[in-house]
Amino acid sequence: YVNGLNAAEKAYAQAAQSADVRKQIELQSAIKFNGGGHLNHSLFWKNLAPQNEGGGQLKDGPLKQAIDKDFGGLDKLKEHFNKTT
């Protein structure tokens with residue numbers, strides 16, 4: 001993703017410098033795909049943690065509170081999800 005993003009950004013800068021609007025528009029999807037892919041993977045790996053360091057545990061907050069209220073806890077949500085999918 002990083003190499004693709006770098007290449008797309010370089011090409012975009014060249015297109016902008018030469019006022020090639022058509023090329024700029026064409027490159028937007030590559031920038032979104034590669035930039036988004038890099039961001040998503042960075043967040044994914046950063047948020048992983050072993051169970052003994054809190055991995056897999058839902059921390060208290062609005063999401064946990066809604067799950068507790070609507071399903072009675074994370075395990076009950078997983079059961080419900082598995083039954084209905």
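Atom CZ of R22 sits about 13.0 Å away from atom CG of L27, to the nearest 0.5 Å. Interatomic distance, L43 CG to L48 CG, rounded to the nearest 0.5 Å: 11.0 Å.
K64 and K59 get closest at one heavy-atom pair: CB-O, 3.4 Å.
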Kindly list each side-chain donor-acceptor pair under 3.5 angstrom involving residues 3-10, sequence neighbours excluded, with atom names and distances?
from	atom 1	to	atom 2	distance (Å)
N6	ND2	V2	O	3.4

Could you pull out all donor-acceptor pairs under 3.5 Å where a side-chain atom in residues 70-84 meets a protein atom, sequence neighbours excluded?
from	atom 1	to	atom 2	distance (Å)
N82	ND2	K78	O	3.2
T84	OG1	H80	O	2.9
T84	OG1	F81	O	3.4

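The environment of Q65 atom CD is dense: over 12 non-hydrogen atoms of other residues, nucleotides or ligands sit within 6.0 angstrom.
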